[in-house]
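Sequence positions, counted from 1, serve as the residue numbers for this chain. Each ligand, and each atom within it, is numbered from 1 in the order the structure gives.
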Amino acid sequence: MKRINVYLRPLLLAITALGSANTHAAGAQAMPYHFEPDPDNLASVQRGARNFMNYCAGCHSMQHLRYNRLAADLGIPEDLLQKHLMFTTDKPGDPILSAMPATSAQWFGAKPPDLSVETRMRGPAWVYNYLMTFYVDPSRPLGTNNLMLPGASMPHVLGALQGWQIKEDHPASDGAEGHGTHAAPRFVLASAGKLSPQEYEKFVADTVNFMVYAAEPGRAGRIATGVKVMLFLLVFTVLAWLLKREYWKDVH
Ligand code: HEC
């Protein structure tokens with residue numbers, strides 16, 4: 001019985017986890033914005049790295065990513081890296097830790113989580129929608145709330161760029177929605193930010209592309225290796241076939 005337990009327990013746990021993941025998904029908020037990540041767009045990922053270091057790394061770490069790995073992958077020369085992307089006290093071989101002292105986590109009521117694998121946990125589209133849907137909510141301590149993470153204790157750190165928007169829960173629909181469906185709310189800018197809505201969307205897309213790269217820094221290299229391995233196998237198959245033909249010539 002004990003033996004069986006060893007095998008059954010992980011299986012049961014997996015099934016329960018799957019079940020709860022499903023219920024979670026069913027209760028989850030519909031995402032108002034569509035997003036396809038593009039981590040192969042090097043320029044976008046580079047801009048995203050700059051955005052992340054300027055606007056996010058003050059609170060969030062990326063402890064699985066080292067600065068010099070980042071620089072090598074994104075083709076950033078080390079002097080530019082040190083000048084623009086790193087905190088002055090860090091060394092190129094250091095992981096990207098947040099500048100925020102651990103004690104100040106209390107300020108926000110929740111500790112800013114490490115974002116190394118955030119896009120793998122939540123999905124890139126979720127993170128994109130999260131950064132798009134901070135809205136003004138006077139009932140919240142920081143004056144803002146978030147559609148994807150209701151009651152989020154993260155301030156809208158990109159408010160100066162995006163501007164401040166109001167959530168309209170029941171956007172006038174053209175009658176297409178049936179009963180019981182929750183139309184995604186609409187967001188209306190109450191005060192403009194430094195960026196136009198298109199520029200802000202690009203800013204967020206770059207940032208999320210960087211986060212997708214960061215969640216799997218070896219991706220590009222792995223794909224390149226995969227292609228080489230496939231080519232090798234192809235060439236090897238032809239050689240093996242030729243060799244076989246050569247051997248069997250005498251047998252027939
Ligand atoms: C002032 C500190 C601060 C800054 C700057 C900041 N965050 Fe946050 N962030 C937080 C806190 C605190 C939370 C936890 C929110 C909660 O759970 O209520 C959080 C949560 C998040 C989450 C949700 C994590 C999850 O899965 O629950 C994401 C994604 C995120 N931040 C991304 C970013 C990005 C991207 C930036 C830069 C544009 C950024 N944050 C800048 C404090 C910050």
Please list, in number order, the atoms of ligand 1 under 4.0 Å from a heavy atom of [X].
X    : result
R122 : 25 (C), 26 (O), 27 (O)
V157 : 4 (C), 5 (C), 41 (C)
A152 : 18 (O)
E118 : 23 (C), 24 (C), 25 (C), 26 (O), 29 (C)

- Counting heavy atoms only, which of C56, G48, S153 is nearest atom 34 (C) of ligand 1?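 Among C56, G48, S153, the closest heavy atom to atom 34 (C) of ligand 1 belongs to C56.
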
Transitively linked via ILVMFWY side-chain contacts under 4.5 Å: [X] with [Y]?
X    : Y    : result
V238 : V235 : no
L80  : V45  : yes
W164 : L158 : no

For ligand 1, the portion of [X] having any non-hydrogen atom under 4.0 Å away:
X    : result
H60  : side chain
Y130 : side chain
N51  : neither

- Side chain of Q162, backbone of P197: donor and acceptor closer than 3.5 Å?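 Answer holds: no.
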
- Query: With a 4.0 Å cut-off on heavy atoms, does G58 reach ligand 1?
  - Reply: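 Contact check G58 vs ligand 1: negative.
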
- Query: Is there a donor in the side chain of N209 and an acceptor in the side chain of S44, or the other way round, less than 3.5 Å apart?
  - Reply: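 Note: N209 and S44 side chains meet the donor-acceptor criterion.
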
- Query: Under 3.5 Å, is there a donor-acceptor pair between the Y67 and D94 side chains?
  - Reply: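 No donor-acceptor contact under 3.5 Å links the two side chains.
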
- Query: Taking distance alone, with no angle check, do Y55 and ligand 1 share an N/O pair under 3.5 Å?
  - Reply: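 For ligand 1, there is no N or O atom that lies under 3.5 Å from one belonging to Y55.
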
- Any cation-pi pair here, K167 with F187, using under 6.0 Å and within 45°?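 Cation-pi check for K167 and F187: fails.
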
